[in-house]
Amino acid sequence: MTRFKKTDRLHPVITLCIYYGEKEWNGATSLKEMLVLPDYIDSPVPDYKMNLIQLRNSENLKFKNKDVQTISDISRLIYGKNYDKITSIYKDRNLTNELGIVIGIINTL
């Protein structure tokens, strides 16, 4: 019926929620936090955790993609009002117009 063999494997898919608000995230971080479940059905319902990245607290995250790292770093510094640090770090770096637009949009929402 299927061409999927016993030795075949799937590739994992990870969903990330990137929160770029100025305030700390205060919403649910799992499926069960979003549901009202009676006790008798709580245990059979699986709980799915949210992979949440908060840009304002992303100093420990290191991204392989240089542009994503730059967006994370500059956004975090903007939220912290560390404008002088942005200038000192990025004054000699050429950022593309597209990157500037993305940073600008994230920080005006």
Side-chain angles (χ1 to χ4, degrees):
M1 291 183 103
T2 178
R3 292 188 179 143
F4 197 81
K5 299 176 194 151
K6 189 175 186 176
T7 56
D8 290 340
R9 296 293 176 254
L10 299 173
H11 295 284
V13 175
I14 299 171
T15 303
L16 297 174
C17 177
I18 301 174
Y19 175 65
Y20 46 85
E22 288 187 50
K23 297 179 182 173
E24 189 79 21
W25 174 266
N26 64 358
T29 57
S30 71
L31 176 63
K32 284 192 174 182
E33 288 179 16
M34 298 169 62
L35 302 172
V36 177
L37 297 171
D39 289 340
Y40 68 90
I41 200 167
D42 184 64
S43 64
V45 173
D47 193 15
Y48 298 99
K49 301 289 182 187
M50 177 194 305
N51 295 304
L52 177 67
I53 295 175
Q54 296 189 70
L55 285 183
R56 63 187 308 277
N57 297 333
S58 62
E59 61 273 350
N60 294 328
L61 298 177
K62 300 297 177 214
F63 299 97
K64 287 185 179 183
N65 183 293
K66 183 178 74 166
D67 289 343
V68 173
Q69 186 67 51
T70 299
I71 291 168
S72 172
D73 291 343
I74 292 177
S75 294
R76 184 181 61 259
L77 292 169
I78 289 171
Y79 294 146
K81 296 180 177 30
N82 294 320
Y83 307 116
D84 291 338
K85 192 168 184 177
I86 295 170
T87 302
S88 69
I89 294 172
Y90 292 96
K91 68 180 176 184
D92 296 327
R93 292 176 64 182
N94 291 323
L95 301 179
T96 65
N97 291 338
E98 293 83 3
L99 194 59
I101 290 169
V102 169
I103 293 168
I105 289 171
I106 286 174
N107 292 286
T108 58
L109 296 176

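Positions are given from 1 along the sequence. Remember, predicted model here, so these are calculated numbers, not experimental data.
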With sequence neighbours left out, write down each residue that passes side-chain contact (heavy atoms from CB on, under 4.5 Å) with [X], or none if nothing qualifies.
| X | result |
| --- | --- |
| E33 | A28, T29, S30 |
| K64 | none |
| Y40 | P38 |
| P46 | Y48 |

Test: salt bridge (charged side-chain N to carboxylate O under 4.0 Å, His left out). Region: residues 37-48. Which pairs qualify, not counting sequence neighbours?
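Qualifying pairs, neighbours excluded: K32-D42, D47-K49.
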Strictly by salt bridge (charged side-chain N to carboxylate O under 4.0 Å, His left out), give each pair with a member in residues 95-104 just once, sequence neighbours left out.
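Every candidate salt bridge (charged side-chain N to carboxylate O under 4.0 Å, His left out) pair involving residues 95-104 fails, so no pair, neighbours aside, qualifies.
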Is [X] linked to [Y] within one hydrophobic cluster, defined over Ile, Leu, Val, Met, Phe, Trp and Tyr using a side-chain heavy-atom separation of less than 4.5 Å?
| X | Y | answer |
| --- | --- | --- |
| I14 | L52 | no |
| I41 | V36 | no |
| V45 | M34 | no |

Partner set under ring pair (Phe, Tyr, Trp, His ring centres under 6.0 Å) for Y19, not counting sequence neighbours:
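Partners of Y19 under the ring pair (Phe, Tyr, Trp, His ring centres under 6.0 Å) test: W25.
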From D67, V102, I74, residue fulfilling side chain to side chain contact (heavy atoms under 4.5 Å, CB included) relative to L95:
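The residue from D67, V102, I74 that satisfies side chain to side chain contact (heavy atoms under 4.5 Å, CB included) with L95 turns out to be I74.
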Whichever hydrophobic residues join V13 through chains of side-chain contacts under 4.5 Å
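Its cluster partners, ordered by chain and number, are none at all.
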Measure the shortest side-chain to side-chain distance between L10 and F4 over non-hydrogen atoms and say whether it is less than 4.5 angstrom.
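Yes. Closest side-chain heavy atoms under 4.5 Å.
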Please examine the side chains of N107 and Y79, heavy atoms only from C-beta on, and report whether any two atoms are closer than 4.5 Å.
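In short, these two side chains touch, coming nearer than 4.5 Å.
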N51: which residues meet the side chain to side chain donor-acceptor pair (under 3.5 Å) condition with it, sequence neighbours left out?
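Once residues adjacent in sequence are excluded, N51 has no partner under the side chain to side chain donor-acceptor pair (under 3.5 Å) criterion.
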Suppose we screen for side chain to side chain donor-acceptor pair (under 3.5 Å). Which residues come up paired with R76, at least two apart in sequence or across chains?
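In terms of side chain to side chain donor-acceptor pair (under 3.5 Å), with neighbours along the sequence ignored, R76 is linked to S58, D73.
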When rounded to the nearest 0.5 angstrom, what is the spacing between [atom1] in [X] and [atom2] in [Y]?
| X | Y | atom1 | atom2 | answer |
| --- | --- | --- | --- | --- |
| R56 | E24 | CZ | CD | 5.0 Å |
| I89 | N82 | CD1 | CG | 9.0 Å |
| I71 | L99 | CD1 | CG | 5.0 Å |
| T15 | M50 | OG1 | CE | 10.5 Å |
| I103 | T70 | CD1 | OG1 | 6.5 Å |
| E22 | S75 | CD | OG | 10.5 Å |

Using modelled atom types and a 3.5 Å cut-off, is there a donor and acceptor pairing between side-chain atoms of S72 and backbone atoms of V68?
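A pair under 3.5 Å: no.
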More than 12 heavy atoms of other residues, nucleotides or ligands under 6.0 Å from CG of N26: yes or no?
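No, not enclosed.
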Among pairs that include at least one residue of residues 84-96, which meet side-chain hydrogen bond (donor to acceptor under 3.5 Å, both in side chains), considering only residues two or more places apart or in two chains?
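Matches after skipping sequence neighbours: none remain.
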